[in-house]
J.: 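Handing you a structure now.
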Amino acid sequence: MTHKVLVLPGDYIGPEIVTEAEKVLAQVNEQFGLGVEVEHGLLGGAALDVHGVPMPEQTLRDARAADAILLGAVGGPKWDSVARELRPERGLLGIRSELELFGNLRPAILYPQLASASSLKPEIVAGLDILIVRELTGGIYFGEPRGIRTLENGEREGFNTYVYRESEIERIAHLAFSLARKRDKRVCSVDKSNVLEVTVLWREVLESIAPKYPDVELSHLYVDNAAMQLVMAPKQFDVIVTGNMFGDILSDAAAMLTGSIGMLPSASLDKDGRGMYEPCHGSAPDIAGQGKANPLATILSVAMMLRYTLAAPEAATAIETAVSAVLDAGLRTPDIHTQGDRLVGTVEMGEAVVTQLRSR
Ligand code: NAD
């Protein structure tokens with residue numbers, strides 16, 4: 001059986017980090033006989049430069065035909081002045097909605113070797129392992145009507161619509177419960193049901209689905225309290241499930257608990273488990289072309305791809321173990337470097353992970 005993986009390197013550091021992740025993918029492909037076939041495509045600014053649009057038809061066709069997509073990052077100052085509908089980020093949003101990638105998985109894991117990189121005390125964050133499951137294609141970011149209108153008195157008014165259908169809540173709830181089953185079996189649903197009717201429905205739907213997963217414990221928090229708990233006692237959480245906007249904010253806060261954005265992978269899944277995998281960070285134009293970017297978030301995104309779409313958990317674990325071993329050996333890119341560690345660049349870090357895998 002073969003698996004088709006579409007690689008979209010993107011812009012600025014995108015190609016640098018994706019090159020290293022591809023080396024790792026090639027290594028596990030060979031080692032575990034995964035049958036992965038890789039194709040390449042253009043998305044974002046790179047696509048705009050060649051085709052005049054950030055999401056070319058060809059890329060969309062290839063994305064639909066692929067089992068999984070590995071993305072670097074898109075955007076950057078080169079395209080700051082292009083029209084809004086042509087901006088590189090539009091390509092990313094386009095592909096997410098075209099493929100209905102509704103389930104965004106954002107793990108926040110703190111490697112014990114990097115505990116000192118967090119802004120929180122090591123005892124609060126050491127061993128942190130949270131999975132935030134964010135609804136990605138609905139909610140207030142997509143709700144209609146939306147816009148800015150001028151009232152009769154001449155004053156302008158901005159408005160958006162916060163809307164969720166039951167079916168949208170049900171599918172993200174099922175995803176969260178089934179993921180919790182493979183972890184510590186606890187789901188915390190985050191809403192604002194004391195104020196927003198949409199999230200009253202959200203809570204009701206979560207409660208109605210919970211009995212189908214009797215082995216998983218469901219709890220609820222209002223989003224303001226969740227934000228507070230996340231920075232006060234983050235280790236209390238296992239899986240957090242929430243809507244698009246709250247998830248956007250909470251997942252960035254959780255990411256920062258771990259200290260380095262260069263370490264965090266993500267997945268965006270459709271209803272059949274096919275998905276797009278990418279680091280949480282952007283295209284880092286400030287360090288592009290200098291060989292300094294940390295490739296580990298992208299390499300760990302490959303591990304997520306193997307676990308969640310390609311059904312190769314052993315290969316996924318092998319990558320995660322290799323990353324941990326490389327950190328144990330003291331290798332650090334500049335973003336995670338502290339005194340006494342061995343400073344390495346993007347390529348050296350990527351190749352160290354490959355070497356580690358080979359020595360298994
Ligand atoms: P960014 O994540 O690109 O960079 C923020 C800071 O983190 C920078 O100092 C950068 O050097 C550092 N950083 C990021 N990734 C790193 C890595 N792998 N190793 C070491 N350091 C790293 O965020 P930004 O500067 O706000 O955005 C830059 C561009 O990326 C913008 O055009 C933005 O729209 C785009 N962006 C794209 C995505 C995506 O493709 N998913 C996500 C966020 C931002």
Side-chain angles (χ1 to χ4, degrees), residues 7-21 24 41-49 54-55 59 63 69-82 84-97 99 101 104-106 111 114 117 119 134 136-137 141 244 247-249 251-253 255-256 258-268 275-302 304 323 326-327 331-338 341 343-350 353:
V7 174
L8 303 170
D11 309 318
Y12 288 94
I13 63 163
E16 300 172 44
I17 51 181
V18 161
T19 300
E20 299 315 307
V24 171
L42 295 173
L43 188 77
L48 193 62
D49 285 352
M55 186 182 64
T59 301
I69 301 166
L70 178 66
L71 172 72
V74 299
K78 184 176 176 196
W79 304 283
D80 269 354
S81 55
V82 304
R84 209 173 136 77
E85 64 279 9
L86 290 179
R87 290 185 67 87
E89 293 79 0
R90 283 282 159 147
L92 184 57
L93 293 177
I95 218 160
R96 279 180 187 158
S97 64
L99 299 186
L101 302 174
N104 186 217
L105 276 49
R106 295 265 310 247
Y111 283 82
L114 302 180
S119 51
R134 165 190 171 195
L136 199 58
T137 51
Y141 290 178
N244 206 342
D248 190 6
I249 300 164
S251 58
D252 269 15
M256 276 303 99
T258 71
S260 174
I261 196 156
M263 295 294 301
L264 295 169
S266 79
S268 306
M276 181 154 79
Y277 296 83
E278 56 182 309
C280 287
H281 58 73
S283 61
D286 54 333
I287 57 165
Q290 300 170 33
K292 282 188 197 170
N294 187 344
L296 293 179
T298 318
I299 289 170
L300 291 166
S301 300
V302 171
M304 287 188 86
V323 166
V326 165
L327 293 175
L331 274 67
R332 303 283 189 275
T333 43
D335 57 310
I336 51 173
H337 184 257
T338 49
D341 298 326
L343 189 62
V344 297
T346 312
V347 175
E348 199 178 342
M349 185 61 108
V353 176

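Heads up: numbering here begins at 1 and tracks the sequence. Both ligands and their constituent atoms are indexed starting at 1 by order of listing.
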J.: As a test of the contact definition, would atom 43 (C) of ligand 1 count as having a protein heavy-atom neighbour under 4.0 Å?
T.: yes
J.: Any protein heavy atom at under 4.0 Å, with atom 5 (C) of ligand 1 as the reference point?
T.: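 Protein heavy atom within 4.0 Å of atom 5 (C) of ligand 1: absent.
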J.: Does any donor atom in the side chain of W79 or D49 lie under 3.5 Å from an acceptor atom in the other side chain?
T.: yes
J.: So, does V74 sit close enough to ligand 1 that a heavy atom of it is under 4.0 Å from the ligand?
T.: yes
J.: May I ask you to list the atoms of ligand 1 that are less than 4.0 angstrom from any heavy atom of A293?
T.: 19 (N)
J.: We want to know whether Y12 and D286 form a side-chain donor-acceptor pair, criterion being a heavy-atom distance below 3.5 angstrom.
T.: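 Short answer, no.
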J.: Below 4.0 Å, non-hydrogen atoms only: which portion of T333 touches ligand 1? Side chain, backbone, both or neither.
T.: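 No part of T333 comes within reach of ligand 1.
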J.: Using a 4.0 Å heavy-atom cut-off, which part of N294 comes near ligand 1: side chain, backbone, both, or neither?
T.: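 Answer for N294: both.
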J.: Within a distance under 4.0 Å of any heavy atom of G76, pick out the atoms of ligand 1 and give their elements.
T.: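 Listed by number with element: 32 (O).
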J.: Is ligand 1 less than 4.0 angstrom away from at least one heavy atom of A297?
T.: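 A297 does not count as a contact of ligand 1 under the 4.0 Å cut-off.
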J.: When you measure from atom 28 (C) of ligand 1 to each heavy atom in P285, A288, G282, C280, which option holds the nearest one?
T.: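 Heavy atom nearest to atom 28 (C) of ligand 1 belongs to P285.
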J.: Looking only at heavy atoms, is any part of E89 under 4.0 Å from ligand 1, and if so is it the side chain, the backbone, or both, or is it neither?
T.: side chain
J.: Roughly how far apart are D335 CG and I287 CD1, rounded to 0.5 Å?
T.: 7.0 Å
J.: Atom CE in M304, atom OG in S266: separation rounded to 0.5 Å?
T.: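 So the CE of M304 and the OG of S266 are separated by 7.0 Å.
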J.: Within a distance of under 4.0 Å, is there any protein heavy atom near atom 24 (P) of ligand 1?
T.: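 Under the 4.0 Å cut-off, atom 24 (P) of ligand 1 has no protein heavy-atom neighbours at all.
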J.: Main chain of G75, side chain of S283: is a donor-acceptor contact present, judged purely on distance under 3.5 Å?
T.: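 Yes, S283 side chain to G75 backbone: donor-acceptor pair under 3.5 Å.
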